[in-house]
Amino acid sequence: MPQSRKRPVLTTAATVLTLLLASPVFTHLSAQERRTTTETKEDTSKDIPIPQETTAVTQHQEAIGGQTIHYTATVGNLLISKEDHDEIEKPYHSVFYISYTEDGADSNKRPVTFLYNGGPGSATIWLEMGSVGPMRVLSNSPEPTNNPPFKVVPNEYSLLDKTDLVFIDAPGTGYSHPVGKGTIKDVAGVDEDLSAFTKFIIRYITVNHRWNSPKFLFGESYGTTRSAGLSATLNEAGVQLNGIVLLSSILNYNARAAGLDNNYITDLPSFAAIAWYHNKVPNKPADVLTFIQQARDFARGPYAEALYQGNALSDADADKIANQMSSLIGLSPAFIKNANLRISASRFRKELLRDQNKILGRYDARFEGPDADAAGENPGYDPSDTGISGAYVASFHNYLESDLKFVSQDTYNNSGPDLNQNWDQKHRPATATGPFGRQQAMPYVAGDLGDTIRKNPHLKVFAANGIYDLATPFTATEWELAHMGTESKLRANVTWGYYPAGHMVYLNVDALKAFRQDLGSFYDNAR
């Protein structure tokens, strides 16, 4: 259904609170004015100008879930401070967001969901323009999307019939940026990022009177790392969550440390699914999920036992395992043996279609493309990244201006500058005790989530997985959520979804439809 729009209303944050004042102009600082700095001296001449908290508001309607939803879209920013309740006087960051709220809904009954992408260091245009927002980009996935003009259409698979949506650009990404004496280093780290997001969510529910609303988190990729950590930091701050959606999860950065074999075990079922998709397995069964289960059983049993033996494994047993692996993942027994039975995702992406001089996508191995060096060991690029990026970036900017009536002269940072270079991987869980409460050199956040579920046994988690995803293989998620220390009666708190897609499940429209149906049930149950 076409959207009907009124002239946008431009307001300051004060009017969000009082509903009385209006501002005729929506302005932003120039990129030069809000340049980042790593200076630590208390030199006010180096302070980055502090903007007002400002919003641009438009009205819309859309047919979703068999009903017409009238909603308000708000593009804005909120200031956060290192000190509680000091956002206006001593902020250190301005956080950009886009929210969609149903008109006339009772905020005590209407859920609100906070959504974000990952990276770390990624803005949230991917979830915003492809998943459960009111509009979505059409792509040619798993083929490269054609050149502009790109098409954005009303999203019949939006979640707006179930929940209000708040898409957040992580501090240092998108239009989010340091202010005052703030620096990128203040938000460039596991715990620094958790602190900033906790402050933003508390600020948002305070300004918008949503303390008593049902609350959900929805993170993708590193966003799942963030969500698991936020479950604890928010709970500690008195913000009790109803549910968390984990899309393409990474919950333990220690699992791929040198010398460990667990990642080879958890990667293998994904390899099998991808080999099945590309017709590289003999006597291919009709059902991919049945084939995946065969690969799971092999990975957890004979394969795990063989890797456990290490150099003690006999040549005869190594040959047997290599032949079994070959029948599951489509690579030759000789290649598998030469790799010491340990196949990295990068090698798999290069080797599976080497005879066709094609490489596979990391985020979505349905994507394929030619490589410059057919003899190389590693892929030269990721076809699943290059195949969609232009469509999403261009469509997002056009949507902001044409639909949401928001224009800025600043640069929108799809990837936050200086974030990854300065990212501090250390993590100390907010509330966990025992083995999960120690300082960590790399984040392990399944323990944080398990701790939160023990303290809030009503918290529900939905883990969504693309079976062709090599960035965050689904079996690794199964492993981590099965080892987070919750007792058996709490196992039902976690439910699962598996889809014929990659990291960004929503790129496959059939998968998006099934994902949306599962999310609808999850929200109904979690409320």
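For clarity, every value in this text was computed on a predicted model and none was experimentally measured.
- Atom-to-atom distance recorded for Phe406:CZ and Glu401:CD is 10.5 Å, nearest 0.5 angstrom.
- Comment: Arg296 engages Glu478 in a salt bridge, judged by a side-chain N to carboxylate O separation of less than 4.0 angstrom.
- Residue Lys151 places its NZ atom among 12 or fewer non-hydrogen atoms of other residues, nucleotides or ligands, all under 6.0 Å distant.
- For the pair Leu194/Leu230, a side-chain contact is recorded, criterion being any heavy-atom separation below 4.5 Å from C-beta on.
- Using a distance-only test at 3.5 Å, with no hydrogens or angles considered, no donor-acceptor pair links the side chain of Ser270 to the main chain of Pro473.
- Rounding to the nearest 0.5 Å places CZ of Arg256 at 7.5 Å from CD1 of Ile250.
- Taking OG from Ser221 and CZ from Arg226, the interatomic distance works out to 10.0 Å, rounded to the nearest 0.5 Å.
- Taking the six-membered ring for Trp, Tyr506 and Tyr157 have ring centres at least 6.0 Å apart.
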Quick one: do Asp103 and Thr72 satisfy side chain to side chain donor-acceptor pair (under 3.5 Å)? Show the steps, please. CA-CA 6 Å; Asp103 297 339; Thr72 297; 2.6 Å; yes

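- Between Ile98 and the choices Val166, Leu400, Ile125, the side chain to side chain contact (heavy atoms under 4.5 Å, CB included) rule is met once, by Leu400.
- In this structure, the side chains of Asp355 and Lys280 come closer than 4.5 Å at one or more pairs of heavy atoms.
- At least one side-chain heavy atom of Leu449 sits less than 4.5 Å from a side-chain heavy atom of Leu481.
- Counting only heavy atoms from C-beta outward, the side chains of Arg516 and Leu159 approach each other to under 4.5 Å.
- With sequence neighbours excluded, the residues satisfying ring pair (Phe, Tyr, Trp, His ring centres under 6.0 Å) with Tyr277 are Tyr468.
- Electrostatic pairing of Asp524 and Lys162 counts as a salt bridge here, judged by a charged N lying under 4.0 Å from a carboxylate O.
- Taking the centre of each ring, Phe462 and Tyr523 stay at or above the 6.0 Å mark.
- Side-chain contact between Arg366 and Leu360 is absent, with no heavy-atom pair separated by less than 4.5 Å.
- Under the 3.5 Å distance criterion, the side-chain polar atoms of Asn508 are matched with a main-chain donor or acceptor of Pro500.
- Side-chain contact check for Thr124 versus Phe96: every heavy-atom pair is 4.5 Å or farther apart.
- Leu404 is listed as a side-chain neighbour of His60, based on a closest heavy-atom distance under 4.5 Å.
- Ionic pairing of Arg362 and Asp385 is not present here: no N-O contact between side-chain nitrogen and carboxylate oxygen is shorter than 4.0 angstrom.
- Of the residues listed (Lys350, Arg354, Arg349), the one engaging Asp371 in a salt bridge (Lys or Arg N to Asp or Glu O under 4.0 Å) is Lys350, and it is the only one.
- No donor-acceptor pair under 3.5 Å is formed between the side chain of Asn252 and the backbone N or O of Ala446.
- With contacts defined as side-chain heavy-atom distances shorter than 4.5 Å, the pair Val152/Arg136 does not qualify.
- Separating the CD atom in Gln324 from the CG atom in Leu341 is a distance of 10.5 Å, to the nearest 0.5 Å.
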